[in-house]
Amino acid sequence: MPKLEIHFNEGFNGNDAEIRVNGAAAARLRNVSTNWSIGLAGTVDLEVPTGNCLVEIALNGEQSAKTELTISEETYLHVRHEQGRLHFQSSNTPPAYF
Amino acid sequence: MNSNDPTAPATTSADTMQEVTIDDITQLEIEEKNAAAAPTRIRDNGNGHGPTAAEASVAAERMLAPEGALEAPAVHGRAVPFIPVRPIPPIVLARRAVSGRYGATFGAWQLDLRVDVDGARPTKRVSGDFFQTTGGTVSYFGSFVVNAISLTVTPTMVTISGIADTTWATSFNQLKVTIPRVSILSPSASATVQWFNAASSPGATYLAAYVSRLLRSVSLEQDCETGITPFTSYNTGALPSGGPARNLTIAAAYAEASIEMATAGVPNIIGSAPGSTWDDNELHNAMVTHFSLWQDQPHWKVWLFHASRYVSPSVLGIMFDQQGKQRQGCACFYRHPMMDGTTATHLRTQLYCCVHELGHCFNLFHSFHKQYMTPPMPNRIGALSWMNYPPQYAPSGGAGGTAAFWAAFPFQFDDLELIHLRHAYRNNVIMGGNPFGTGAALESLADFDDPIEDRSGLKLELRTDRAFKLGEPVVVELKLSAPGGSTRQVHPHLHPNATFVRLAVQKPGGDVVIHEPVLEQCVAVETTQLTTARPAIYVSAYIGYGKHGLLFDQPGTYRVRALYAALDGSRILSNTLELKVRAPLTEEDVQVADLLMGDEQGLLFYLLGSDSEHLSRGNAALRELAEKYAAHPLSLYARLVSGFAIARPFKKVAADGTMTVRAPNPTEAARLLGTVIDESEKGQGVDNLTLSQTQCRLARTHKEAGDNKAAQDAVTRMTTLFKSKGLKPHVLRSIAAQGNAALTTT
């Protein structure tokens, strides 16, 4: 199955994140905070089936957001937390941080 | 020189102005006459240097005058005509750039001046840092920058003027810098730095000697992991780029920004297991272990670790040092595919990574993260800068992305980053200064910066023996000592109430507050000696409440630092104490915290009790705590305050002038204080210093009630307890002396 890497990027400050994929609980991150030296708070590696994939992320058990992806190869989903909302951006290019 | 403001005029000019005698004046007049009558020829000015540009141009002008037009000097009373000569055109020598670093010392003040008006990529600014010597310590005082300069250039002089932004309050903020222009054959001239106020009244003047063409200097130590070949140099013309082709090392890249990166320290090879990775804690530990220049204070020193892999495989490099005195170290990871090789692309990435991570050590954020700094700045996603990510490059009106970035990148910082590197206030740039991302928020706390130098022979320690529950009165212990067994004359006024000791408290959210006592005591300064027999003095201080209210009003980790003003003016800084306030665990904890946390309760703890009707709500809360939550550990503080209050009389003066006195109740006081002592002796109460203070109060209470035996028993119990704790002899002697004082006080 292709790999889906979820990268939590800007705007996280001690947050707990719950990740659901296609309605099923997939992962949980605790106390993620953005390291501004690289702009990365944490990552989650998942294996997901090819095709449509619904990713939902809930922050601190309250605010949540979702995005629909079409998975055919290794996919990178970038999540940032700005102005009280979660924003998503997907890519097939491995990110590089420095 | 003004002792509080380095730009203001001297307040006691008589102390600094040298008297000129009449002989000095006469000699000066003779010298001036001789200079006017001297023949016009190039001459050595007596100190081995060539002529100034002014003398050469005057001489050249005379040599070009028509034949016979020159006045003949008189020699032995007869005119002697000059023999006309063919005029020789003057050799016009190139003049040195005036930009660079200059240094001056005047009285207690030292100035590091940065002039940036010519040379490579001048930002047309002047900035500087002041340092102050007080007693045996040299401390950073403040920084200034003139962002909008007026620049006047003549053949002989550069004059720069403008209004400075300063980190300290001053009315003398108008700056004028004059620098003579000298030929390249001459050493660089000194800069005269003059300060004025808005009315153009002169302030302080400094004569700053030239130091270097580079504006800041940093010592760079580089260590490598086993098996890693660190980056050395890359020729920027090897691949398409936006600037001139040149060989760039890390030092050369920073020199182009006018920052000196001087190789320093002891290079190490750091071993690791094959295939292992580094996380931030391991990197920080490696830095503290292997960075030979590392110190837990701000300094112009930085560590670059050439390592193999980070714990997250997508990371090429990281400025990992974001704890304590931050930004002292960074790492690049050579086993990342983009770094792992010797092709031009790999070398370019290695250079980029090294300069980029070091840029974070200078407190630079990514071009696309500027909005997250403190204070925020607009993002610059179109920046062709070391601090951008090539994939994120997005110029306005043009193609972006990695290829476009590298094709246009001239291997430099952008203009605003250059201004930051060269001219930002010292604490915003220096390694170990402000936390990463904080640009200006902590400027007012320069007082609490480590001194550059400390020859005072004194040490101040701040400590506590516990984590505190929310609402619990926060008491810290201050210890002043003379390490090394030397004898030192000190004043014993360690408690913040006497104002010779100040405390800075950083709250969990990052805000920093200066603790100011509710009441400042004016004390007649006593002195005492620290000797080998008595190497330290101690005091415990309740700091939970001050002039601006409750300080420790939320759970989290606080950082506290103390500053002691010594007799000779030295500023003795303590360690930074990390003090934890724990969140309530139970509903009862929440209710107890609510009863303890209020302005009136804070004041009652500060005063150790009061009958004032203006504090009646606070007293009611503490009574409820003592009665309804008697079994809760924090109820002993209510009994402590009540016990101290009721052990002494309380006078009230009514509006009509009548006075009533509430008599002390020694029986009730002894009961209340006795419970505090009982619980504290089991290790479930107050700290040692507060305990001894409570025991002495109990002894006095008994004595005042006429029960001398009970008073003696209380003192004996105290000294026996502290002997059993294995305290040092001088501490036991001090406790015994306090006990005796309690028995003899009337």
Side-chain angles (χ1 to χ4, degrees), chain A residues 2-17 19 27-48 55 59-61 69 73-98, chain B residues 279-280 283 310-323 326-327 329-333 336-339 349-350 352-361 363-374 379 386-392 401-402 435-438 508-510 556:
Chain A
K3 188 169 72 167
L4 170 64
E5 269 189 32
I6 303 178
H7 289 231
F8 291 82
N9 294 118
E10 293 89 355
F12 296 96
N13 188 8
N15 302 110
D16 293 342
I19 302 146
R28 169 178 274 178
L29 286 181
R30 289 204 182 282
N31 198 26
V32 285
S33 295
T34 301
N35 181 336
W36 290 108
S37 160
I38 52 176
L40 181 66
T43 58
V44 170
D45 291 356
L46 301 170
E47 284 193 352
V48 296
V55 178
L59 214 56
N60 299 337
L69 306 169
E73 57 179 314
E74 203 162 274
T75 303
Y76 303 89
L77 179 64
H78 296 272
V79 187
R80 66 182 202 282
H81 185 212
E82 271 178 10
Q83 294 173 337
R85 289 175 48 211
L86 292 171
H87 302 263
F88 298 102
Q89 186 176 2
S90 64
S91 164
N92 296 116
T93 306
Y97 301 100
F98 45 92
Chain B
D279 66 21
D280 287 350
L283 288 167
Y310 187 62
V311 63
S312 173
S314 50
V315 175
L316 280 76
I318 190 168
M319 192 287 289
F320 56 83
D321 185 19
Q322 297 186 47
Q323 53 179 292
Q326 301 182 14
R327 303 188 282 107
C330 58
C332 293
F333 302 102
H336 188 285
M338 291 173 66
M339 298 270 283
T349 305
Q350 291 172 16
Y352 192 88
C353 189
C354 291
V355 175
H356 177 100
E357 301 310 332
L358 287 167
H360 285 318
C361 292
N363 209 4
L364 289 173
F365 260 34
H366 297 136
S367 302
F368 48 91
H369 281 157
K370 303 295 189 192
Q371 69 180 90
Y372 298 108
M373 291 189 66
T374 305
N379 290 336
W386 293 108
M387 302 314 296
N388 208 346
Y389 276 12
Q392 305 246 19
T402 302
F436 184 49
T438 301

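In what follows, every chain begins at residue 1, and chains take the letters A, B, ... in the order their sequences are listed.
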Residues passing the side chain to side chain contact (heavy atoms under 4.5 Å, CB included) test with A/Pro2, sequence neighbours excluded, are A/Thr50, A/Ile71

Determine, step by step, whether B/Tyr389 and A/Phe98 satisfy the ring pair (Phe, Tyr, Trp, His ring centres under 6.0 Å) criterion, reporting the C-alpha distance in whole Å, the side-chain angles of both residues, the deciding distance to 0.1 Å, and the verdict.
-> CA-CA 8 Å; B/Tyr389 276 12; A/Phe98 45 92; 4.4 Å; yes

Among residues 33-45 of chain A, those lying within the under-4.5 Å heavy-atom range of chain B are A/Asn35, A/Trp36, A/Ser37, A/Ile38, A/Gly39, A/Leu40

Under 4.5 Å to a heavy atom of chain A? For B/Tyr352 that would be side chain

**Asked** Parallel, tilted or perpendicular: which describes the rings of B/Phe365 and B/Phe436, with under 30° parallel and over 60° perpendicular?
**Response** tilted

Check the angle between the aromatic planes of B/His369 and B/His366 and answer parallel, tilted or perpendicular using the 30° and 60° thresholds.
-> tilted

If you measure only the distance, is there a donor-acceptor pair under 3.5 Å linking the side chains of A/Gln89 and A/His87? no

Sorted by chain and residue number, the side-chain hydrogen bond (donor to acceptor under 3.5 Å, both in side chains) partners of A/Tyr76 (sequence neighbours excluded) come out as A/Glu74

The interface call for B/Met338 against chain A, heavy-atom contacts under 4.5 Å, is side chain

Hits for salt bridge (charged side-chain N to carboxylate O under 4.0 Å, His left out) against A/Arg85, two or more places apart or cross-chain, chain-then-number order -> none

